[in-house]
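Given the structure is predicted, the values throughout are model-derived calculations rather than measurements. Worth knowing before you read on, the calculation uses all heavy atoms, side chains too, and leaves out hydrogens, waters and symmetry mates.
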Amino acid sequence: MFVLAEFKDTIRVMPEDLRKPREKAIEDEVNAKYANKVFHNVGLCVCLHELLHVADGIVQHTEGSAYYKVRFTMVVFRPFPGEVLVGEIKSSSRDGVRVSTTFFDDILIPPTFLPTPKSFDEVEQVWVWEYEGQKLYLDANETVRVQVQSVEFKEIRPDAAKRGDGKLAAPPAPAQQQPQTSLLGNVAETSQPQEDLAVVEVPFKVIGDMSGQGLGPLSWWPDDDQYE
């Protein structure tokens, strides 16, 4: 579910933070800049794991900030195909079911990966598994198991991002410097992190499956400890 990704970046420490120990100030800035951001072909950064190298800082005489070239690793959410996740159903539509963990909301289960035979209840806006004459509902807020089928990344152009009211959202502020990154053990190209905007498209989503044995609502499998 989680991997380590290595980054290189120039981190700015504001003048008022120079009173902190150097490593503490840099750690705070790295987390502020990277945590909860999606990097293309990498995943969702969760938190700083380790500072690997910090070069000597350069102080800008015009405004007093210190700039450090830093190499560090981040804890990244990027589940692998076949992994089983536990989350809650947030919403349903004819396009499928959306599942959320405590920190990630874009786990999508298309109708083809729901148990069959199935139908969509237009009134309740829920999917129904029609099992041996019973109707088993995939209700909102139900705790479910989901098996990862794939992860998908998509570049989101700032000028194409739209708010919930359909208007163009303001583009994210440019970062100070394009960071370099790689998944440990697997080099990956990346772009700048996507900002947390209410957009039509999402930069990173997980495609899941709830059609197999032991998958779906935990209440369906009270005696199944296959994934415990």
Side-chain angles (χ1 to χ4, degrees), residues 1-78 101-106 151-206:
M1 181 187 303
F2 298 101
V3 297
L4 293 179
E6 183 176 313
F7 293 81
K8 295 179 181 179
D9 200 357
T10 298
I11 300 299
R12 177 189 184 187
V13 177
M14 300 292 288
E16 59 268 25
D17 292 324
L18 293 176
R19 70 188 69 180
K20 299 179 183 178
R22 186 183 69 160
E23 285 72 18
K24 172 62 176 172
I26 293 172
E27 288 173 0
D28 290 346
E29 291 300 322
V30 168
N31 277 318
K33 184 174 181 178
Y34 282 78
N36 204 33
K37 301 292 192 303
V38 170
F39 283 81
H40 191 69
N41 288 336
V42 178
L44 173 68
C45 287
V46 178
C47 63
L48 175 68
H49 176 258
E50 183 181 7
L51 292 177
L52 301 176
H53 176 73
V54 178
D56 291 337
I58 299 176
V59 177
Q60 291 284 355
H61 69 278
T62 56
E63 43 90 17
S65 295
Y67 292 80
Y68 298 90
K69 290 187 176 180
V70 183
R71 186 163 57 91
F72 55 94
T73 53
M74 297 290 296
V75 177
V76 174
F77 174 71
R78 180 173 176 160
T101 66
T102 56
F103 59 89
F104 184 74
D105 292 337
D106 294 307
V151 296
E152 296 182 1
F153 292 91
K154 184 172 184 178
E155 292 275 14
I156 305 297
R157 288 176 27 239
D159 61 349
K162 293 186 178 181
R163 304 197 308 243
D165 58 8
K167 298 180 181 179
L168 287 177
Q176 296 161 9
Q177 181 175 336
Q178 180 79 7
Q180 301 174 5
T181 180
S182 67
L183 290 174
L184 296 187
N186 294 284
V187 176
E189 295 295 327
T190 185
S191 65
Q192 285 289 45
Q194 301 292 340
E195 295 296 321
D196 187 15
L197 300 175
V199 296
V200 176
E201 298 285 351
V202 295
F204 172 45
K205 63 184 176 181
V206 175

- Interatomic spacing from CZ in Phe204 to CZ in Phe153 - rounded to 0.5 Å: 4.5 Å
- Item | Pairing residues for Val30 by the side chain to side chain contact (heavy atoms under 4.5 Å, CB included) criterion, not counting sequence neighbours | Ile11, Ile26, Tyr34, Leu48, Phe72, Met74
- Query: Is Arg12 reaching over with its side chain to a backbone N or O of Glu29, donor-acceptor style, under 3.5 angstrom?
  - Reply: no
- Distance in Å, Phe2 CZ paired with His49 NE2, rounded so as to fall on 0.5 Å steps: 12.5 Å
- Note on the structure: Across all chains, not counting sequence neighbours, the salt bridge (charged side-chain N to carboxylate O under 4.0 Å, His left out) partners of Arg22 are none
- salt bridge (charged side-chain N to carboxylate O under 4.0 Å, His left out) filter on Glu23, not counting sequence neighbours, yields none
- Which atom of Val59 lies closest to which atom of Gly64, heavy atoms considered: CG1-O, 3.9 Å
- Heavy-atom pair with the smallest gap, counting every atom of Ala25 and Val13: CB-CG1, 3.9 Å
- Item | side chain to side chain donor-acceptor pair (under 3.5 Å) involving Asn31 - partner list, sequence neighbours excluded | none
- What residues form a ring pair (Phe, Tyr, Trp, His ring centres under 6.0 Å) with Tyr68, not counting sequence neighbours? none
- Task: Determine whether more than 12 heavy atoms belonging to other residues, nucleotides or ligands lie under 6.0 Å from atom CD1 of Ile58.
- Result: no
- Item | Given Thr10, Leu51, Asp9, the one that forms side-chain contact (heavy atoms from CB on, under 4.5 Å) with Val70 | Leu51
- Message: Looking at Gln60 and Thr62, would you say the former's side chain and the latter's main chain have a donor-acceptor pair under 3.5 Å?
- Response: no
- Item | Pairs flagged by salt bridge (Lys or Arg N to Asp or Glu O under 4.0 Å) wherever residues 44-58 is involved - sequence neighbours left out | none
- Message: Going by side chain to side chain contact (heavy atoms under 4.5 Å, CB included), name the residues that satisfy it together with His53, two or more places apart in sequence or in a different chain.
- Response: Ala55, Arg71
- Task: Write down the atom of Lys37, the atom of Lys33, and the distance for their closest heavy-atom approach.
- Result: CG-O, 3.5 Å
- Note on the structure: Those residues at least two apart in sequence (or on a different chain) that pass salt bridge (charged side-chain N to carboxylate O under 4.0 Å, His left out) with Asp28 are Lys20, Lys24
- Query: Is any side-chain heavy atom of Val76 closer than 4.5 Å to a side-chain heavy atom of Leu44?
  - Reply: no
- For Val202 and Lys154, work out which heavy atoms get closest and say how close. O-CB, 4.0 Å
